[in-house]
Visitor: 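Okay, handing you the structure first.
One-based numbering, in listed order, for ligands and for the atoms of each.
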Amino acid sequence: MKDFSFYNTLSKKVEPLASYEPGKIRMYTCGPTVYHFAHIGNLRTYIMEDVLVKALRYAGYEVTRVMNITDVGHLASDADTGEDKMLEGARREHKTVHEIAEFYRNAFFADCEKLNIKYPDVVEKATDCIVEYIELIKTLFERGFAYEAGGNVYFDTSKLAHYHVLTRHKSVELFSAVRDDVEEDANKRFKTDFVLWFTKSKFGEQELRWESPWGIGYPGWHIECSAISMKHLGGHLDLHCGGIDNIFPHHTNEIAQSEAALGHVWCTHWFHVHHLTQKDGKMSKSKGDFLTLSLLEEKGYSPLAYRYFCLQSHYRKPLEFSFEALENAKSAYEKLMKRVSDLPDEGVFDEAIAAPYLQDFSTALCNDLNTAKALSVVYDVLKSDLSGMTKRALVRQFDQVLSLGLTETGKDISSPDEAFSRLVEAKIAERNAARAARDFNRADIIRDELISLGVTLTDSRDGTAWNLSPKQ
Ligand code: AMP
Ligand code: ZN
């Protein structure tokens, strides 16, 4: 298995991803707060996380990816003040919080599907894990990290030797980051303390509330991610992802409470995607006038053209959105699709010549997830004098990670028999590419798939021949 390196916000270095169990990656992703549509900035983060998971799997890792859905506890200000965003959404649309959550969760996954973002292995709603939050908060009390004040339960950051591990900010800078809302919570002993459980909500009509040892209330936002991650992935997490705004306070607080409860290092590698911006600054849901995927579609931009737009730039750099830039990406993407669909079905798959391209593609991804470089390898293949079959097989292989739909469109298919032959040929080319990449596991899976379709393969020096086994 190849070493897969990318920037770790914790160590501030590009370094290989290490895993607690060899070859297995336990990955947690902060999911959306479902009080509104995801904007295309949010979706940039989810696209890049999707590429990361696929690139890890492509490199041979077994990844389990868990995502939460924040449907309670995320207040308007990250400093635990303001209103629960879910309530804000419910009021705006004259619906219940539950209706809002259902609607926007479905809308989010519909966007993901259009963008070829794979559904995570586990998706968990925050409101379904109340028992887990209560248990975790009890542990924090037992270990002396929690206190009650003004009716709420808080995490005591002064008890930690290293609260600022992720940011390495000086306290004074953190205070100003916390204070992105003028209101201050007077109950906190220390300004960086944060709420674990709200019992004394200032919103009398708070719709979502549960019994707890500290009174009827609801969980803070940060506790959700720690508890959901531990529920599904245990006490050792290999990889945690989110947008850069999550670094402080959300992820900083997740680390604080998780490590205080566990008594050991919790997550070893932190992946953060920089923001999509507009000329006038960061795109933000709370500002209201944000761009959605549907709006791009209405204007004639396919979701995959937007994915292409995102892949062209590095995840650690801010990406400025403009329709002019998207137009350029759209035209490049359409040309690329056409070049791939025009590839002739000639020649055989040539393993030896294909190998360096596979190598370049892997190297680009394993070196801080350089998607722009990985895309340029696709163009190198198309420009090369490889056979049409080899090019097609390589592009298909690359598209397992890029997920730009490059090889699905193909040519018009005139008959079911022709369609079947094309499918088999494509699978054989994919298997050969897997073998060239020494991914024998994948090659065997493809062979088995073909056998299940009744296809027998015969490998020889001249390539792979196939025929249909007689029906039983
Ligand atoms: P939210 O739905 O607000 O909880 O955010 C969902 C994800 O989108 C989080 O990982 C955020 O860090 C990320 N995010 C928020 N704003 C942006 C932006 N402008 N560009 C990229 N990612 C963002
Ligand atoms: Zn989170």
Visitor: With a 4.0 Å cut-off on heavy atoms, is Asn246 in contact with ligand 1?
Guide: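 It does, in that a heavy atom of Asn246 comes within the 4.0 Å cut-off of ligand 1.
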
Visitor: Quick one: which ligand 1 atoms are inside 4.0 Å of a heavy atom on His275?
Guide: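 It comes down to these atoms of ligand 1: 16 (N), 17 (C), 18 (C), 19 (N), 20 (N), 21 (C), 22 (N), 23 (C).
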
Visitor: Assess the side chains of Thr64 and Asp121: does a donor N or O sit below 3.5 Å from an acceptor N or O?
Guide: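 No pair is found: no donor N or O on one side chain lies under 3.5 Å from an acceptor on the other.
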
Visitor: Is there a polar contact between ligand 1 and Ile244, counting only N or O atoms under 3.5 Å apart?
Guide: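 No: no nitrogen or oxygen of Ile244 is under 3.5 Å from one in ligand 1.
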
Visitor: Leu276 to ligand 1: N or O pair under 3.5 Å?
Guide: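 Yes, since at least one N or O of Leu276 sits under 3.5 Å from an N or O of ligand 1.
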
Visitor: Which option wins on minimum heavy-atom distance to atom 8 (O) of ligand 1: Ile40, Val34, Asn42?
Guide: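 Heavy atom nearest to atom 8 (O) of ligand 1 belongs to Asn42.
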
Visitor: If you measure from each heavy atom of His272 to ligand 1, is any distance below 4.0 Å?
Guide: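 False for this residue.
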
Visitor: Would Lys299 count as a cation-pi partner of Phe323, with NZ or CZ less than 6.0 Å from the six-membered ring centre and within 45° of the ring normal?
Guide: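 Relative to the ring axis of Phe323, which defines the angle, Lys299 lies inside both limits.
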
Visitor: Taking 4.0 angstrom as the limit and counting only heavy atoms of His39, give me the atoms of ligand 1 inside it, by number and element.
Guide: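 Near His39, meaning under 4.0 Å from one of its heavy atoms, ligand 1 has 16 (N), 17 (C), 18 (C), 19 (N).
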
Visitor: Flag Thr33 as yes when one of its N or O atoms lies below 3.5 Å from any N or O atom of ligand 1, and as no otherwise.
Guide: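 There is such a contact, yes.
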
Visitor: Run the contact test for Asp245 against ligand 1 with a 4.0 Å cut-off on heavy atoms, strictly below, and give the result.
Guide: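 It does, in that a heavy atom of Asp245 comes within the 4.0 Å cut-off of ligand 1.
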
Visitor: Do the numbers put Lys330 on top of the ring of Tyr301, so that NZ or CZ is under 6.0 Å from the six-membered ring centre and no more than 45° off the axis?
Guide: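 That pair qualifies as a cation-pi contact.
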
Visitor: With only distance considered, is Gly242 within less than 3.5 Å of ligand 1 through an N or O on each side?
Guide: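 In fact, backbone or side chain, Gly242 has no N or O that close.
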
Visitor: Using 4.0 Å as the upper bound for N to carboxylate O, is an ion pair formed by Lys118 and Asp50?
Guide: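 Salt bridge between Asp50 and Lys118, a charged N being under 4.0 Å from a carboxylate O: no.
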
Visitor: Between the side chains of His98 and Glu102, does any donor sit under 3.5 Å from an acceptor?
Guide: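 No, no side-chain donor-acceptor contact under 3.5 Å.
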
Visitor: In ligand 1, which numbered atoms sit nearer than 4.0 Å to a non-hydrogen atom of Thr45?
Guide: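 Checking each atom against Thr45, I get 10 (O), 13 (C), 21 (C), 22 (N), 23 (C).
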
Visitor: Counting backbone and side-chain atoms alike, does Cys225 have an N/O/S atom under 2.8 Å from the Zn ion (ligand 2)?
Guide: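 Checking Cys225: at least one N, O or S atom is under 2.8 Å.
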
Visitor: Would you please say whether a donor-acceptor pair under 3.5 Å links the side chains of His314 and Asn370?
Guide: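 There is no such pair between these side chains.
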
Visitor: Under 2.8 Å from the Zn ion (ligand 2), is there an N/O/S atom belonging to Cys30?
Guide: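 Checking the Zn ion (ligand 2) against Cys30, an N, O or S atom does fall under 2.8 Å.
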
Visitor: Within the supplied structure, the quantity of interest is the number of heavy atoms (other residues, nucleotides, ligands) at a distance under 6.0 Å from Glu113 CD; does it exceed 12?
Guide: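 No, CD of Glu113 has 12 or fewer neighbouring heavy atoms, counting only those of other groups under 6.0 Å.
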
Visitor: Do Leu196 and Phe194 make a side-chain contact, defined as non-hydrogen atoms from C-beta onward lying under 4.5 Å apart?
Guide: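 Yes, side chains in contact.
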
Visitor: Show the nearest heavy-atom pair for residues Tyr306 and Gly41, with the distance to one decimal.
Guide: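 For Tyr306 and Gly41, the tightest heavy-atom pair comes out as OH-N, 4.4 Å.
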
